[in-house]
Amino acid sequence: MKFLIFTLLWVGILFEITNADSNIRSKYCISLRPKRIFVDKEPAKNNSPKLHPQRKSPHKDSPNDVTWVVIDSMQNTYGTSNTNINPLVYDVASNTLAFIHRGALSYSSSSGSMWYNYSFDNSQTWSRVPVALNFNTSQLGRYPSSTIVNPQKTSNPYSTTFLYSYPELDPVNFGYLGFGSDSLAAGNPFTTIWMDHNFGSETFMWASDNEEQSAYFLVRHPGFDSTWLTFWRTTDRGDSWVEKNNWYNWAELFSWRGQCVQDTLYVESVVIDSVIADHITFRINKSFNNGENWLGWETIDWKTIPLLSHYDNFGTLDGTIAHDFIVDGNGMEHFFFSLIDTNATSGGFDIVEMYRTSDGWNARVIAPRTFSFHPGIGSLSQMDNELHATISEDKTTIALTWIDAPTEGETQGDIFVCGKNINSNWGTIRNITQTSGWFGREMSTHLAPRMKNAMNDSVTIFLTKTESLDSTIVDDSLNETQPCAIWCAKATFSISPRVGIEENGKHFAKSFSLFQNYPNPFNPKTSILFSLLTANNVSLIVYDIYGREIAVLMKEKKDADEYSIEWNAENFPSGLYFYRLTILNQSVTKKMVLIK
């Protein structure tokens, strides 16, 4: 009897409840453990050394790189190479960084063991917990996510809780699910393996924004159907988890995110809609009572926004949908993603922002993308441009990171950053790595989803990447199966709105943008859209095929904003026309076709 009681207390009780009258199954996991005790002092020191000194750059001959610090090692680069996970977390109140990852055989019995490291000094030094998170379970974990629960916003990191979730092999294919918690830095984890044989290959986790002890994660549930998305919740810092919802009202599911702003819980998904079947769209669902009830899915179609209507579809160089989603302090949602326009005259490949306003939805083009960039390394190409977003603690400032080649024609990527206040235009695009020539490449990056509040128009972000652990191996000889290091950098940069035309690394940022008219072809009216990043004198003129000026649509000073100008060609014959936007000594010309 004593043995039975001990087993129940330390292993936990798992049971499943199936509702025979519904297509949605509800599963419950109750994990029993001793009462969690928090202390106001540092726990006993583990025997994990400070792992590696900081280095200016893992690459050779890259003097302009930011300073990187090694967090730990992994057996290969696959451990964090997934754009739908969030292994890096930063808790602003306690100034704590944590990173979850798979182990290396130099300190672990299996490459599927789960470990996390933590830093209390802004990534100058890192320590590894003394035991694997899944040391007492099967060690077949993959692609982990994490968060820190700190409901009282305490500055004491030892009063916070580290939560995590990850897919587990079954033992050959994806199917099982692992999740658990550890009082931060304690090395006393409690992990449950949910052996449902049905779950997908990635989870996304986040914590409550108010004083509740809640956290959540999302995971695909292909056991029902490949389009099912499952929502899990804990209300007691991870001591017990409940599978609350299964959603499946779309034709195809690509990726997902979650956010929390005060008492509102947000879940978003990137899907092919059963009604809008010719291009990818977004869905949003909201709950005002911690996930007990939901409003229902809202469809957001980016093609209905005039500024984006000329694009064909989501843009990707390796088939992966890289995107991110945040909600600002006003409760307005922001989506970040790439779009591609294959039209020969207006073609482009751009990173864009789509955001909610009091009047509906609007959009901005943030940065161009190159077509020559090769994502990943070797056979590992499943993150596209690795686009990530973060928001400040007061939710008034946004920053983005992504990878791209510095110029068209190059294939190796650098890390670019950009930021803004939610009420301003985007700041200067900066290449923060500037790795050297064909030998430098960045990959498997992740960005902490939270940052400190902006100070003097500057923000500080924390980001990670993977690189070779063996500094004797030259970059062009690397492959994705070699042991690697996880590196972290602290980057500070200005978010002041862009002014004029300037070089940023090798990227070229314009002070204005001119977009393809819509509709095109048209009869007899069309709208021409352009945006200004600073106030300037603007000239917008229409020309015929002989270069004759036939209509002056604008010739005046305009403030920094986005504008839509209608041209009525009722008195002009069918044919090809040109419209030119001129600001200072810079001009852009595009074609449009009138068909009557």
Side-chain angles (χ1 to χ4, degrees), residues 10-16 25-33 36 79-80 82 84-89 98-103 112-116 129 131-149 160-171 174-184 186-208 213-223 228-246 256-258 260 267 290-291:
W10 289 95
V11 177
I13 302 171
L14 298 177
F15 66 91
E16 177 178 321
R25 296 190 298 171
S26 297
K27 301 182 189 64
Y28 294 81
C29 173
I30 300 177
S31 302
L32 302 181
R33 63 185 299 171
R36 189 189 308 275
T80 59
N82 191 307
N84 282 327
I85 62 175
N86 53 331
L88 176 65
V89 60
F99 189 89
I100 186 172
H101 57 92
R102 291 164 59 185
S113 62
M114 287 294 159
W115 300 78
Y116 76 95
V129 289
V131 298
L133 297 171
N134 54 350
F135 75 95
N136 60 350
T137 68
S138 55
Q139 297 187 20
L140 297 170
R142 298 293 188 269
Y143 301 129
S145 288
S146 64
T147 193
I148 292 176
V149 174
T160 67
T161 307
F162 181 76
L163 303 185
Y164 50 92
S165 60
Y166 58 91
E168 175 96 357
L169 301 185
D170 66 353
F174 288 105
Y176 294 167
L177 186 63
F179 44 83
S181 62
D182 185 27
S183 295
L184 197 134
N188 184 30
F190 189 80
T191 299
T192 297
I193 304 298
W194 191 259
M195 295 182 290
D196 190 76
H197 291 275
N198 286 323
F199 292 102
S201 59
E202 63 242 337
T203 68
F204 184 88
M205 176 174 274
W206 72 105
S208 173
Q213 303 188 63
S214 298
Y216 325 91
F217 69 84
L218 297 167
V219 61
R220 187 198 300 268
H221 204 322
W228 282 64
L229 181 63
T230 302
F231 170 76
W232 290 71
R233 184 191 72 182
T234 179
T235 58
D236 52 15
R237 296 193 182 207
D239 283 350
S240 62
W241 288 87
V242 178
E243 183 181 354
K244 292 290 293 182
N245 295 89
N246 286 292
W256 46 88
R257 297 288 188 274
C260 191
V267 170
N290 205 30

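Values reported hereafter were calculated over all heavy atoms of this structure, with side chains retained and with hydrogens, waters and symmetry mates removed.
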Quick check against the 3.5 Å criterion: does T137 have a side-chain atom that pairs as donor or acceptor with the backbone of I193? no
Spell out, as yes or no, whether a donor-acceptor pair under 3.5 Å connects the side chain of N134 to the backbone of M114. yes
Please tell me if the side chains of R142 and E168 come closer than 4.5 Å, counting only heavy atoms from C-beta onward. no
Identify the two heavy atoms, one from V149 and one from A207, that lie closest to each other, and give their separation to 0.1 Å. CG2-CB, 4.3 Å
Non-hydrogen side-chain atoms of L133 and Y166 separated by less than 4.5 Å: no
Is it true that the side chains of N245 and R233 contain a donor and an acceptor less than 3.5 Å apart? no
If only atom types and distance count, is the side chain of S146 paired as donor or acceptor with the main-chain N or O of L163 below 3.5 Å? no
Just so I know, are the side chains of V219 and W232 near enough to count as touching, which here means a heavy-atom distance under 4.5 Å? yes
Aromatic ring centroids of F162 and Y116 under 6.0 Å? yes
Looking at every heavy atom in both S181 and R237, which two are closest together, and how far apart are they? CB-O, 3.5 Å
Do the side-chain N and O atoms of T230 and W228 include a donor-acceptor pair separated by under 3.5 angstrom? no
Could you pull out the closest heavy-atom pair between N86 and T203, with the gap in Å? OD1-O, 4.5 Å
Mind checking whether F217 and W241 have ring centres under 6.0 Å apart? yes
Heavy-atom distance under 4.5 Å between the side chains of F99 and T80, does that happen here? yes
For F174 and Y143, take the angle between the two ring planes, folded into 0 to 90°, and tell me which bin it lands in: parallel under 30, tilted 30 to 60, perpendicular over 60. parallel
For residues W206 and C260, determine if any side-chain heavy atom of one lies less than 4.5 Å from a side-chain heavy atom of the other. yes
Determine whether a donor-acceptor pair (N or O, by modelled atom type, separation under 3.5 Å) exists between the side chain of D182 and the backbone of N188. yes
Any residue meeting side-chain contact (heavy atoms from CB on, under 4.5 Å) with S214, in chain and number order, not counting sequence neighbours: S208, E212, Y216, T235, N290
